[in-house]
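First listed ligand is number 1; within each ligand, the first listed atom is number 1.
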Amino acid sequence: MSTTANKRVAIVTGASSGFGAAVARKLAREDWHCVLVARRRDRLEEVAAETGGEIEVCDVSERDDVFAMAERIATRHDAVHLLVNNAGMPGRGGFLEIEPERIEQVMNTNYLGNVWVLLALVPLLEAGAPSHVVSIASVASVLAGGAGGPYTASKHAQIVFSRSMASELAPKGIRVHAVKPGFAETEGFPQDRFQNDPIGRRLVLSEDDVADSILRIVRRNRREMFVPKFYAPAGMLYGVMPVTFARVLGWFSRRREKAYREESA
Ligand SMILES: NC(=O)c1ccc[n+]([C@@H]2O[C@H](COP(=O)([O-])OP(=O)(O)OC[C@H]3O[C@@H](n4cnc5c(N)ncnc54)[C@H](OP(=O)(O)O)[C@@H]3O)[C@@H](O)[C@H]2O)c1
């Protein structure tokens with residue numbers, strides 16, 4: 001049934017730009033066959049032309065669309081060996097700043113989008129076992145209290161889902177990993193505010209840095225990984241004293257926001 005008899009099959013969501021497109025290019029170079037998922041058909045077709053992959057136009061926040069997509073994929077492939085659960089969107093503000101519809105959209109995409117895609121693909125991933133799922137979480141999945149509450153909440157929910165599924169899917173031979181990147185320059189997440197900040201600028205990752213870490217976490221079979229590593233101590237500290245950490249992060253974040261607003265006024 002499979003059209004790609006000798007190749008391992010990877011599904012990459014959010015493959016029309018950013019980390020998703022970058023990891024699809026790297027996977028193709030390592031001889032994976034990629035199924036590229038996102039809403040913008042034209043952009044998916046560009047990435048498919050480069051990688052030799054297939055495309056699936058799908059809004060991951062729509063449960064029925066996602067399950068229909070999984071059914072279509074099952075008619076073309078017997079098994080899936082890797083899912084990069086990456087599609088996501090920014091919040092662009094705090095709970096008091098953005099529209100309620102956006103809060104809903106952020107949760108439906110970053111959290112529930114991840115849930116529907118993984119649940120819909122469990123049978124194919126089980127057929128491909130030992131197989132891997134990499135959730136693209138964020139440092140915001142484990143550090144709260146700064147700016148961007150709605151995004152942070154969605155990323156916290158996403159990592160809880162990922163950790164729960166790691167334990168539920170282990171007996172089926174499906175290993176669930178999570179990459180937690182810091183700030184990276186991509187289409188949806190421009191990092192303009194670091195342009196005039198020489199220290200901040202050095203913290204900004206490229207799409208390729210994150211794509212490399214996706215391949216690395218699978219190769220090393222690690223459960224979770226911060227990119228870059230230096231966020232790890234902050235993650236541990238937050239685990240030990242979350243309230244104090246959130247207070248300090250909130251203070252720094254308000255100061256930074258104020259300076260940024262004054263600079264751009
Ligand atoms: N860049 C950062 O600083 C950063 C840091 C940590 C974590 N992350 C996470 O990394 C992931 C990828 O982001 P990125 O930085 O690569 O941004 P990006 O370039 O904007 O990519 C986002 C991708 O998600 C897709 N997408 C968004 N909503 C979708 C939906 N409802 N259904 C299907 N596809 C959808 C977009 O495609 P369409 O618009 O074509 O649908 C696009 O391909 C996200 O989960 C983000 O939260 C980003």
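- In terms of polar-atom proximity, G20 is not counted as a contact of ligand 1, lacking any N or O under 3.5 Å from an N or O of the ligand.
- Ring centroids of Y231 and F183 are separated by 6.0 Å or more, keeping the two rings apart.
- At least one side-chain heavy atom of F19 sits less than 4.5 Å from a side-chain heavy atom of P181.
- Residue-to-ligand polar distances place T186 within reach of ligand 1: an N/O pair is separated by less than 3.5 Å.
- Only the backbone of C58 comes within contact range of ligand 1, with a heavy atom under 4.0 Å; no side-chain atom does.
- Proximity of A15 to ligand 1, defined as any heavy-atom pair under 4.0 Å, is confined to the backbone N, CA, C and O atoms.
- Look at T13 and you'll find every heavy atom at least 4.0 Å from all atoms of ligand 1.
- Those atoms of ligand 1 that come under 4.0 Å of a heavy atom in G18, given as number and element, are 16 (O), 19 (O).
- The atoms of ligand 1 that sit less than 4.0 Å from any heavy atom of G182 are 3 (O), 5 (C), 6 (C).
- Nearest to atom 18 (P) of ligand 1 among the protein's heavy atoms is S17 OG, 3.5 Å.
- Closest to atom 35 (C) of ligand 1 among all protein heavy atoms lies A87 CB, 3.7 Å.
- Relative to atom 28 (N) of ligand 1, the option among R41, R39, E56, M89 with the closest non-hydrogen atom is R39.
- Surrounding CZ of R255 are at most 12 heavy atoms belonging to other residues, nucleotides or ligands under 6.0 Å away.
- Side-chain contact check for P90 versus R102: some heavy-atom pair is nearer than 4.5 Å.
- The nearest protein atom to atom 37 (O) of ligand 1, hydrogens excluded, is given as S16 OG, 2.8 Å; this is a heavy-atom distance.
- Shortest contact from atom 32 (N) of ligand 1 to any protein heavy atom: V60 N, 2.9 Å.
- The pair R43-E187 meets the salt-bridge criterion, with a side-chain N (NZ, NE, NH1 or NH2) lying under 4.0 Å from an Asp/Glu carboxylate O.
- Ring geometry, W116 versus F67: the interplanar angle falls from 30° to 60°, so the pair is classed tilted.
- In the vicinity of E187, heavy-atom distances shorter than 4.0 Å reach the ligand 1 atoms 19 (O).
- Protein heavy atom in closest approach to atom 1 (N) of ligand 1: A184 O, 3.1 Å.
- We find that K26 and D208 are joined by a salt bridge, their nearest charged nitrogen and carboxylate oxygen being less than 4.0 Å apart.
- Considering backbone and side-chain atoms alike, Y151 places an N or O below 3.5 Å from some N or O of ligand 1.
- Of all atoms in ligand 1, listed by their number and element, those nearer than 4.0 Å to a heavy atom of D59 are 30 (C), 31 (N), 32 (N).
- Close N/O approach between G14 and ligand 1 is found [any backbone or side-chain N/O within under 3.5 Å].
- Here K180 has no heavy atoms under 4.0 Å from ligand 1, in either its backbone or its side chain.
- Distances between N or O atoms of N110 and those of ligand 1 include no value under 3.5 Å.
- Contact check for R25 versus E50: side-chain heavy atoms found under the 4.5 Å cut-off.
- Remark: the backbone N or O of Q158 is not paired with any side-chain donor or acceptor of S162 at under 3.5 angstrom.
- Counting atoms of ligand 1 from 1 in the listed order, those under 4.0 Å from a heavy atom of F183 are 3 (O).
- Counting heavy atoms from C-beta on, the side chains of L82 and I11 never come closer than 4.5 Å.
- The local environment of CD in E99 is sparse, with at most 12 non-hydrogen atoms from other residues, nucleotides or ligands closer than 6.0 Å.
- Residue-level proximity to ligand 1 for N86 is carried by backbone and side chain together, each with a heavy atom below 4.0 angstrom.
- Distances between N or O atoms of F19 and those of ligand 1 include at least one value under 3.5 Å.
- Scanning Q191, Q105, R40 for the heavy atom closest to atom 38 (P) of ligand 1 points to R40.
- For atom 22 (C) of ligand 1, the closest non-hydrogen atom on the protein side is G88 O, 3.5 Å.
- With hydrogens left out, the protein atom closest to atom 6 (C) of ligand 1 is P181 O, 3.4 Å, a heavy atom.
- The structure places OG1 of T13 at 11.0 Å from CZ of R39, a figure rounded to the nearest 0.5 Å.
- A salt bridge is defined here as a Lys NZ or Arg NE, NH1 or NH2 lying under 4.0 Å from an Asp or Glu carboxylate O, and E56 with R76 meets this definition.
- Comment: R163 engages E224 in a salt bridge, judged by a side-chain N to carboxylate O separation of less than 4.0 angstrom.
- Contacts of A21 with ligand 1, taken as heavy-atom pairs under 4.0 Å, are absent altogether.
- Open room surrounds CZ on R247; 12 or fewer heavy atoms of other groups in view lie less than 6.0 Å from it.
- For an aromatic pair to be called close, the ring centres must be under 6.0 Å apart, and H81 with H132 fails this.
- Here F189 has side-chain heavy atoms under 4.0 Å from ligand 1, and that is the only part of it that gets that close.
- Using a 4.5 Å cut-off on side-chain heavy atoms (C-beta onward), V122 and L169 make contact.
- Annotation: G188 places an N or O atom under 3.5 Å from an N or O atom of ligand 1; distance criterion only.
- Residue contact check for ligand 1: A137 places a non-hydrogen atom closer than 4.0 Å to it.
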